Protein chains: 2
Amino acid sequence: MTAGSTDTTSEGVHPRPRGGRMPRRERRVQLLESALEVFVAQGYHAAAMDDIADRAGVSKPVLYQHFPGKLDLYLALLDTSCDLIIDNCREALASTTDNRDRVTATMRVFYSYVASEEGAFRLVFESDLTSEPDVRERVDRVTTECASMIADVIRTDTGLPDEASELLAVSLVGMAQVSARFWLAGGGQIAQDDAATLIAGLAWRGIRGYPMTDDH
Amino acid sequence: MTAGSTDTTSEGVHPRPRGGRMPRRERRVQLLESALEVFVAQGYHAAAMDDIADRAGVSKPVLYQHFPGKLDLYLALLDTSCDLIIDNCREALASTTDNRDRVTATMRVFYSYVASEEGAFRLVFESDLTSEPDVRERVDRVTTECASMIADVIRTDTGLPDEASELLAVSLVGMAQVSARFWLAGGGQIAQDDAATLIAGLAWRGIRGYPMTDDH
DNA sequence: AACATCGTGGAGGTCAAGATCGGCGTGCAG
DNA sequence: CTGCACGCCGATCTTGACCTCCACGATGTT
């Protein structure tokens, strides 16, 4: 180990070598990668444009030649991450017609998303720029869209009213999202797939059998 | 005219009348109320100390004579709100020995919390200062503590291992928290108690009967 | 091999927002 | 009537972060 490390107070990150020149397209994606790392590690407000530029091994003007401002950069990354989870969620729901498998597949999507190396999920689930309407709209859209797709299935298969279906769907999304984040913070006490399966079991037991009223 | 009202950029809030003098203790609670309103409406970063002072009808120096800084003010409010939800959650769990009623009572706590007039829940569930460790610790503690109390019940009644109990409990908390926030945003399409009951039903169907494996 | 060109770098401007200092008015004791 | 104490305000300072201007060096051509 390069021990030490980890006091990320402000810089534990080593900038890339300073010299290289590179074509625009390639430079752009590299800047996006660097920005993602910094935003994930520090949050939006604590992240300085200097940090991002340094992290990429370039100076600030180049950064501004690729992106008009800090917010645009953030929104670009946020959009990518939002689209990723929504698309994966859609695919999971379409991957089978068995609802039990649907629940499991969707739960796995959330755990994979949270476990992904880059940590881009933090931009969506732990954003510190929710006061900005553009950000708020995108963040909310993740929950809303995922829940809406799930609600379609619930409504179709149970005949519950729209509002109830949506609310149930949102609660399943909340379950997935919060438990996945907590699982990640726990640091791997439970294997990823075991955790996803456990929570999927909980969700399926809850949702199956609607709209019959209940036990007694 | 006191009318005029307004254009504080985006505020429809009217400052309190400017003149009155007031004993320290009373002034302090009034400042806390004003600060809560502003933080709830704007978030931490967008909230300016000027806004809070204006909202209370005093000038900035007075504010600083009562609180050493912006963060201290925020943490005071945050602590109050965190303690409230945790205590209410504890009481709900202790209010009965029937687990089905426990689930319902706890779910109602979250919906009441979110529905409360002041909107203080936003400091906890929608904070934009998670990069600050003091804030992060308190926000996480709400989920952790609530889940821990629920996990005790789950572990006792099912014999599941600690990690699994905790994860299940956290997912229930996530379900409550996210669905309640979404319900509030929906603006009363469903009555508060109907929503809480609906989600409590989902949670109970999911959690009851553990640790039996599953369906068919 | 020498020159023109274009991208790069360090140093600086601007501005918003948190945090503070001398003066004012009011009420009370002597 | 007069001096004092207390709470309050307008005006200011400073910090920090976003965003651009003058020198340098590498690349492609003749």
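Here the structure is a predicted model, which is why all the values come from computation and not from measurement. Order of the sequence lines sets the chain letters (A, B, ...), proteins ahead of strands, with each chain counted from 1.
- Side-chain atoms of A/S59 lie closest to C/dG9 of the nucleotides C/dG9, D/dC19, C/dG18.
- For A/A48 and A/P61, each mapped to the nucleotide of DNA chain D holding its nearest heavy atom, the one lying further toward the 5' end belongs to A/A48.
- Of the listed nucleotides (C/dG18, D/dC19, D/dC9), C/dG18 has the atom at the smallest distance from the side chain of B/M49.
- Using a 4.5 Å heavy-atom threshold, the side chains of A/L198 and B/L167 count as touching.
- Using a 4.0 Å cut-off between charged side-chain N and carboxylate O, A/R136 and A/D140 make a salt bridge.
- DNA chain D is contacted by both B/P23 and A/G69; B/P23 maps to the nucleotide lying nearer its 5′ end (nearest heavy atom per residue).
- Judged by distance alone, the side chains of B/Y44 and A/S131 never bring a donor and an acceptor atom under 3.5 Å apart.
- Minimum atom distance to the side chain of B/M22 is reached by D/dC8, of the listed C/dG18, D/dC18, D/dC8.
- Not one side-chain nitrogen or oxygen of A/R27 sits closer than 4.0 Å to the OP1 or OP2 atom of C/dG7.
- Two residues, B/K60 and A/V62, neighbour DNA chain C, and the one matched to the more 5' nucleotide by heavy-atom proximity is A/V62.
- Among the protein residues, B/A47 comes within range of the sugar-phosphate backbone only, with heavy atoms under 4.0 Å from sugar or phosphate atoms but none that close to a base.
- No side-chain heavy atom of A/Y113 sits less than 4.5 Å from a side-chain heavy atom of A/C89.
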